[in-house]
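What follows is a single structure, written as structure tokens, with notes after it.
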Number of protein chains: 2
Amino acid sequence: MYFSIDHKSPLPLHVQAENLLRTIISDPQYANGKFLPNEVQLAKQLAISRSTLRHALNKLVYEGLLIRKKGVGTKVAEPTISSKSKNWLSFTQEMNARGITIKNFELHVTWVKPTEAVANFFGISTSKKILKLERLRGKTEGPFVYFISYFHPRVGLTGEEDFKRPLYDILEKDYMVIATLSKEEISAKAADKFIASKLEIESGSPILFRKRFVFDQGERPIEYNLGYYRADSFVYTVESRRE
Amino acid sequence: MYFSIDHKSPLPLHVQAENLLRTIISDPQYANGKFLPNEVQLAKQLAISRSTLRHALNKLVYEGLLIRKKGVGTKVAEPTISSKSKNWLSFTQEMNARGITIKNFELHVTWVKPTEAVANFFGISTSKKILKLERLRGKTEGPFVYFISYFHPRVGLTGEEDFKRPLYDILEKDYMVIATLSKEEISAKAADKFIASKLEIESGSPILFRKRFVFDQGERPIEYNLGYYRADSFVYTVESRRE
DNA sequence: ATTTTATATATGTACAAACATATAAACATA
DNA sequence: TATGTTTATATGTTTGTACATATATAAAAT
């Protein structure tokens, strides 16, 4: 199979190169920290200049998908499952970028009366039913996260949506709701029986628990999300800079 | 006042330009979304090429400090109320803000050969001894976190410092080392015997594990920190904003 | 008065070329 | 054996140049 870049495409060459590289490094052949061809060679192969290639590489390096080392080469980063708070990529997009295909093991949509905490967060009464979305997701080998989401009635979800599509895509394109602010609380806890059975681990095993509060542009609450992650397959990463 | 760039400095021009720009845009005169001079002009002023200047600008744009618009110009981003500054409080300050008085239960200073991971992060050999700081801290009722810190030799710590003072205070005031960037990995794990005994919990109990990589202004590694938190008394919070 | 068209301006894209510097491996030396 | 020294190789830095494209404004046409 041969890759090439279309010099006549309106899409900038460095973007094409970036996309191409994403495809290339997501290949299992490259997944395990294998080195790319050197820049001069790769530029020649793609028929672009080294500067343009570096433009593309820079982005992937910045995202943490590639690791460059002076005098050595550029290799594919180990595909750790992690979450960068800086990026507002959706869960699926983020995982895809790391060469992990997300499988949906379970997907339940129900209308329920909100708990005290949820009603309080949304500023609604506990008697009015709201949409609850439960999803068990993970890799082909098995699930590693159980999500529970509640949505504010204002959003207008019907429950008939195709939740296999990225959630933010649905909210933005179909409901014109743009998530802008997210507050998260991350903690560790022991898995109870229910979560343990879902994640296929033993009851009492440590799990990473993430509460996520999502707001729209007007800082109005739109989603209340609970995530239970298997401790052995999920790391949460945060990058912060002073000033 | 006039800025300039030293072409003889070993520090790359684009890094110098980046630092310079950081200073410039932090000036209140520039703080409120004011436009920078255009690239060609600014490059001339700084006596560097436009490409080099763009290299510097790119980084600041990526960090969200600058906003570029094709055909218009580059302006300083509005200062958002992010959690960045919040994340940069010291542990003690952070706890004080939550109304918790911190007690030091144990404090050990030793010189040790770094593990593979630490040596690799610092870019030093595993044979040279470095400073290791272990601290068991918590509330008056009992400890809830065990910290292990390693410091890069470059920092110049002697081990004789008064570690009851805030760490960042020591680094800044006594050693002129300013921590600027922090990358963290948060995960859950089961407490091993050692940690369990320190935190006064049962072995196998879930704990929150935080790896923290701290860099100075030149993005050089200065601290490698491991934190083991009792799950029942610690929650990690993150706030992130899109765009 | 309104719409269209030109134009100056600024960022965006792309290439070529040269030199600097870190790394690892091969080689030579004590 | 252990330690320097060279060398090939790969990324890092920097400049110069040219043209593309989006934007806002001013001028011209309707």
Side-chain angles (χ1 to χ4, degrees), chain A residues 4-21 25 33-62 64-77, chain B residues 4-21 25 33-62 65-77 119-128 154 218-221:
Chain A
S4 81
I5 283 187
D6 182 7
H7 281 253
K8 282 169 198 159
S9 161
L11 209 64
L13 297 183
H14 69 88
V15 176
Q16 290 185 53
E18 185 194 326
N19 293 336
L20 206 54
L21 287 167
I25 65 179
K34 195 177 158 186
F35 278 89
L36 292 175
N38 74 62
E39 293 181 352
V40 179
Q41 215 172 307
L42 190 54
K44 202 171 210 171
Q45 267 182 50
L46 302 182
I48 57 177
S49 74
R50 191 179 159 213
S51 325
T52 305
L53 172 62
R54 275 181 70 83
H55 193 160
L57 289 171
N58 281 337
K59 206 162 181 200
L60 301 176
V61 168
Y62 211 99
L65 271 74
L66 292 179
I67 295 172
R68 282 201 289 208
K69 210 170 175 185
K70 198 171 178 174
V72 181
T74 305
K75 67 176 178 181
V76 180
Chain B
S4 82
I5 283 185
D6 182 8
H7 282 253
K8 282 170 198 158
S9 160
L11 210 63
L13 297 184
H14 69 87
V15 175
Q16 289 185 53
E18 186 196 326
N19 292 337
L20 207 52
L21 287 167
I25 65 181
K34 195 178 158 185
F35 278 89
L36 291 176
N38 74 62
E39 292 181 352
V40 179
Q41 213 173 307
L42 191 54
K44 203 170 210 172
Q45 266 182 51
L46 302 182
I48 56 175
S49 75
R50 191 180 159 212
S51 320
T52 304
L53 173 61
R54 276 183 68 83
H55 191 160
L57 288 171
N58 281 336
K59 206 159 183 204
L60 300 176
V61 168
Y62 205 95
L65 270 74
L66 292 179
I67 295 172
R68 280 201 289 209
K69 210 170 175 187
K70 198 171 176 175
V72 181
T74 305
K75 66 176 176 181
V76 180
N120 193 45
F121 170 62
F122 283 154
I124 58 173
S125 89
T126 50
S127 54
K128 190 181 178 184
R154 185 177 358 86
E219 305 229 348
R220 294 177 302 185

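Every value quoted in this text rests on a predicted model; they were computed, and no experiment measured them. Quick note on labels: first sequence line is chain A, next is B, and so on, each numbered from 1.
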Any residue meeting side chain to side chain contact (heavy atoms under 4.5 Å, CB included) with B:Lys128, in chain and number order, not counting sequence neighbours: B:Ser125, B:Pro153
Residues that A:Ser49 engages under side chain to side chain contact (heavy atoms under 4.5 Å, CB included), provided they are two or more places apart: A:Ser51, A:Thr52
ring-ring contact (aromatic ring centres under 6.0 Å, His included) partners of B:Phe122, counting only residues at least two apart: B:His152
Test side chain to side chain contact (heavy atoms under 4.5 Å, CB included) applied to A:Ile67 - qualifying residues, sequence neighbours left out: A:Lys75, A:Ala77
Partner set under salt bridge (Lys or Arg N to Asp or Glu O under 4.0 Å) for A:Lys59, not counting sequence neighbours: A:Glu18
Angle by which the axis turns from one end of the helix from C:dA1-D:dT30 to C:dA30-D:dT1 to the other, five pairs per end, to 10 degrees: 10°
Summary of salt bridge (charged side-chain N to carboxylate O under 4.0 Å, His left out) pairs that have at least one residue in residues 34-53 of chain B, sequence neighbours excluded: B:Glu39-B:Arg50, B:Glu39-B:Arg54, B:Glu39-B:Arg68
Residues which pass side chain to side chain donor-acceptor pair (under 3.5 Å) with B:Asn38, listed by chain and number, not counting sequence neighbours: B:Gln41
Letter per nucleotide, 5' to 3', of nucleotides 5-15 of chain C [B base touched, S only sugar-phosphate touched, - untouched; heavy atoms, 4.0 Å]: ----BBBBBSB
Within-4.5 Å side-chain heavy-atom neighbours: A:Asn58 and B:Asn58: no
Whole angstrom value for the distance that separates P of C:dA24 from NZ of A:Lys75: 10 Å
